[in-house]
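In this text, all values refer to a predicted model and were calculated from it rather than measured experimentally. Worth knowing before you read on, the calculation uses all heavy atoms, side chains too, and leaves out hydrogens, waters and symmetry mates.
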Amino acid sequence: MIARHRLFVVVLLFAAALRIVTMLGYRPGRIYWYDTYTYIQLALDLRPRMDLNPSGYPFLLRLLLPFHSVPVVVGVQHLMGLGVGVMIYGLLRRKGLPSWGAALATVPGLFDASFLRLEHAVLGDEFFIFLVVAGVVALMRSPTPTILTGTVAGLCLAWAALTRTVGLPILLLALAYLAVRRVGWRPLAVTALAGLLPLTLYATWYRSEHGSFRLVAGDGAALWARSMTFAKCDRIKPPPAELPLCPNGTWKDAAEGYFWAPEASLNRMPGGREKNEALARSFALHAIAAQPFDYLRTVAGDVSLAFPWTPVAHPARTTPAFGFAGSRAPDPVPPWASSALRAYDPGATGGDEAAEPYAGFLRVYQYPAYLRGPYLAAIILLGLPGLRRGRSLLPWVTATALLVLPVAVLDFDHRYVLPVIPLACLAAGLAFVPSKDRAAAA
């Protein structure tokens with residue numbers, strides 16, 4: 001059996017070796033202020049939090065808590081990265097793509113240095129990628145999902161939605177895909193139940209903690225921040241209660257800056273973001289309704305940042321790629337953050353140690369091993385022919401949604417582009433399934 005897949009076995013072994021080098025080169029793992037500390041604190045005291053991060057990733061950290069080890073966490077995430085490649089290869093071979101074509105579709109996700117860095121960080125992104133790809137692959141294994149594959153897909157996409165809220169529309173897209181494909185009521189019902197029941201239970205838990213039936217807080221403030229990049233109140237003519245939310249002269253080079261800036265109009269209101277979120281959402285919706293073309297132009301402009309040859313820093317203070325560097329000292333953090341990290345892993349300091357020669361190799365490797373924007377655009381375009389007969393419909397639409405939706409509701413981030421890549425590669429591979437197998441691939 002291995003002989004039939006020897007090319008992919010070689011690819012997978014090289015990809016695994018890169019991940020071993022990453023773990024040897026940077027110890028214990030990448031720990032970021034503020035997200036990593038928040039995730040760890042929630043894992044120690046598992047409950048819904050009133051911010052933009054639901055508790056899906058802290059659930060995973062809680063499962064790994066008995067090891068009290070950041071290296072174990074990032075090691076599991078590196079295995080997830082390999083697992084994504086295995087799932088894509090397996091589905092494409094099942095649909096009839098030659099071994100070399102299926103292996104080629106896994107190369108960007110397995111070898112791009114950005115994925116190595118993401119898997120090595122205590123962040124929820126790699127877990128999110130793994131869950132979304134697993135959900136999509138489960139639904140596409142056969143023309144009609146079974147009860148088992150529908151359940152797996154629903155649970156994976158539900159957990160993805162609890163890891164990043166953009167996973168919720170992905171779950172709804174998957175259910176719409178099943179409905180359009182007319183797979184029958186039973187697979188659709190099973191997938192919907194497996195996907196929506198965990199979200200309902202979590203929202204009920206959130207209401208018991210914070211008094212409202214929802215998954216997260218802050219989405220209204222995020223959409224308001226998005227509106228600050230184009231809003232003109234002389235055109236919006238907002239209700240009197242919303243006038244204090246108009247642009248106040250504060251300028252940021254990225255929409256997310258308005259969310260955090262103390263001088264932004266929302267944050268200057270009594271109670272700030274938390275107390276005025278409904279008002280902020282209402283203002284943003286009024287702004288979009290009054291200036292729809294300005295909104296679309298702003299979103300399209302930020303989405304286009306995914307495609308230049310040289311990564312664009314957005315915001316300007318960030319490093320958009322090539323992040324493997326020398327040893328990094330711990331960030332200055334408040335006592336609660338350092339206490340949480342010590343409780344989760346007594347040996348972690350918040351910095352990382354670059355160990356040679358492994359770190360030096362990665363610093364050189366990351367420059368050629370980066371999927372440039374035009375190549376990403378080409379991969380997305382390659383999936384278009386597969387939309388005929390629905391061969392690549394689900395992964396292609398999912399990839400496109402993951403590219404556009406984060407920008408539409410807040411801002412562009414190069415980190416948020418990475419989930420697009422494996423799904424776009426899967427869609428491109430399905431578009432090239434030999435014609436004799438197209439019926440099976442549909």
Side-chain angles (χ1 to χ4, degrees), residues 33-35 37-39 41-42 47-56 161-162 164-169 199 202-292 294-296 298-299 302 314-315 317 334 336-337 405-413 416:
W33 172 258
Y34 141 95
D35 287 3
Y37 294 97
T38 303
Y39 287 136
Q41 185 187 47
L42 286 175
R47 56 187 173 81
R49 182 181 172 93
M50 288 187 67
D51 65 12
L52 289 171
N53 294 318
S55 297
L162 292 175
R164 281 185 55 198
T165 50
V166 73
L168 177 57
L199 300 182
Y202 184 86
T204 303
W205 185 24
Y206 188 101
R207 182 174 61 184
S208 70
E209 292 281 335
H210 304 297
S212 55
F213 187 81
R214 58 196 305 184
L215 300 180
V216 295
D219 53 301
L223 192 61
W224 170 85
R226 172 79 273 174
S227 74
M228 288 295 99
T229 59
F230 65 87
K232 293 180 172 58
C233 278
D234 58 343
R235 293 175 57 185
I236 301 169
K237 297 180 172 56
E242 297 174 15
L243 282 173
L245 293 169
C246 288
N248 64 356
T250 298
W251 182 85
K252 297 295 176 182
D253 64 348
E256 61 95 7
Y258 295 97
F259 185 90
W260 299 107
E263 68 274 20
S265 55
L266 174 59
N267 296 322
R268 290 175 62 90
M269 293 183 67
R273 291 193 304 269
E274 289 186 9
K275 300 297 184 182
N276 296 283
E277 186 180 357
L279 204 62
R281 182 186 298 106
S282 177
F283 176 91
L285 293 175
H286 282 133
I288 293 169
Q291 299 177 249
D294 293 331
Y295 170 67
L296 293 174
T298 303
V299 170
D302 281 357
H314 180 87
R317 59 181 168 79
W336 70 264
L405 285 175
V407 181
V409 299
L410 177 55
D411 204 355
F412 173 85
D413 192 314
Y416 296 160

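With a 4.5 Å cut-off on side-chain heavy atoms, L410 and R226 do not count as touching. Proximity of P54 to P48: side-chain heavy atoms (C-beta onward) are nowhere separated by under 4.5 Å. In this structure, the side chains of M228 and F283 come closer than 4.5 Å at one or more pairs of heavy atoms. Residues T165 and D219 fail the side-chain proximity criterion, which asks for heavy atoms closer than 4.5 Å. P406 places none of its side-chain heavy atoms less than 4.5 Å from the side chain of D413. The closest side-chain heavy-atom distance from S265 to W224 is below 4.5 Å.
The structure places CG of L42 at 6.5 Å from CZ of R47, a figure rounded to the nearest 0.5 Å. Residue T204 holds its OG1 atom at 14.5 Å from CZ of R214, rounded to the nearest 0.5 Å. Between the CG atom of D51 and the CZ atom of R273 there is a distance of 9.5 Å, given to the nearest 0.5 Å. Remark: S55 OG to L162 CG distance equals 8.0 Å, nearest 0.5 Å. If you take CD on E277 and CG on L266, they are separated by 9.0 Å, rounding to the nearest 0.5 Å. In this structure, CZ in R207 is found 14.5 Å from OH in Y202, a value given to the nearest 0.5 Å.
Residues I236 and A231 share a closest heavy-atom pair of CD1-CB, 3.7 Å. Contact record, A222 with L52: CB-CD2, 4.5 Å, taken as the closest heavy-atom pair. Nearest approach of A241 to P244, heavy atoms of both residues: O-CD, 3.4 Å. Y206 and M50 make their closest contact through OH-CG, 3.5 Å (heavy atoms, listed as atom of the first residue, atom of the second, distance). When all heavy atoms of A255 and T229 are compared, the closest pair comes out as CB-CG2, 3.7 Å. When every heavy atom of G271 is checked against every heavy atom of N276, the shortest pair comes out as C-ND2, 4.0 Å.
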Salt bridge (charged side-chain N to carboxylate O under 4.0 Å, His left out), that's the test. Do D411 and K252 meet it? Break it down for me. CA-CA 12 Å; D411 204 355; K252 297 295 176 182; over 6 Å; no

Carefully, step by step, assess V166 and V409 under the rule side-chain contact (heavy atoms from CB on, under 4.5 Å). CA-CA 9 Å; V166 73; V409 299; over 6 Å; no

Determine, step by step, whether V216 and R49 satisfy the side-chain contact (heavy atoms from CB on, under 4.5 Å) criterion, reporting the C-alpha distance in whole Å, the side-chain angles of both residues, the deciding distance to 0.1 Å, and the verdict. CA-CA 7 Å; V216 295; R49 182 181 172 93; over 6 Å; no

Could you walk me through whether D294 and K232 pass salt bridge (charged side-chain N to carboxylate O under 4.0 Å, His left out), step by step? CA-CA 10 Å; D294 293 331; K232 293 180 172 58; 5.3 Å; no

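A donor and an acceptor atom, one from each side chain of D253 and H314, are nowhere located under 3.5 Å apart.
No donor-acceptor pair closer than 3.5 Å links the side chain of S227 to the backbone N or O of A284. A donor-acceptor pair under 3.5 Å is formed between the side chain of T250 and the backbone N or O of E263.
For the pairing with H286, the side chain to side chain donor-acceptor pair (under 3.5 Å) check across K237, Q291, E242 returns one residue only, E242.
Between R317 and E256 there is a salt bridge, since a side-chain N of the basic residue sits under 4.0 Å from a carboxylate O of the acidic one.
Applying the ring-ring contact (aromatic ring centres under 6.0 Å, His included) rule to pairs touching residues 225-266 yields F230-Y295, sequence neighbours excluded.
Ring geometry for W33 against W336 counts as tilted: the plane angle lies between 30° and 60°, on a 0 to 90° scale.
Atom CD of E209 has more than 12 heavy atoms from other residues, nucleotides or ligands within 6.0 Å.
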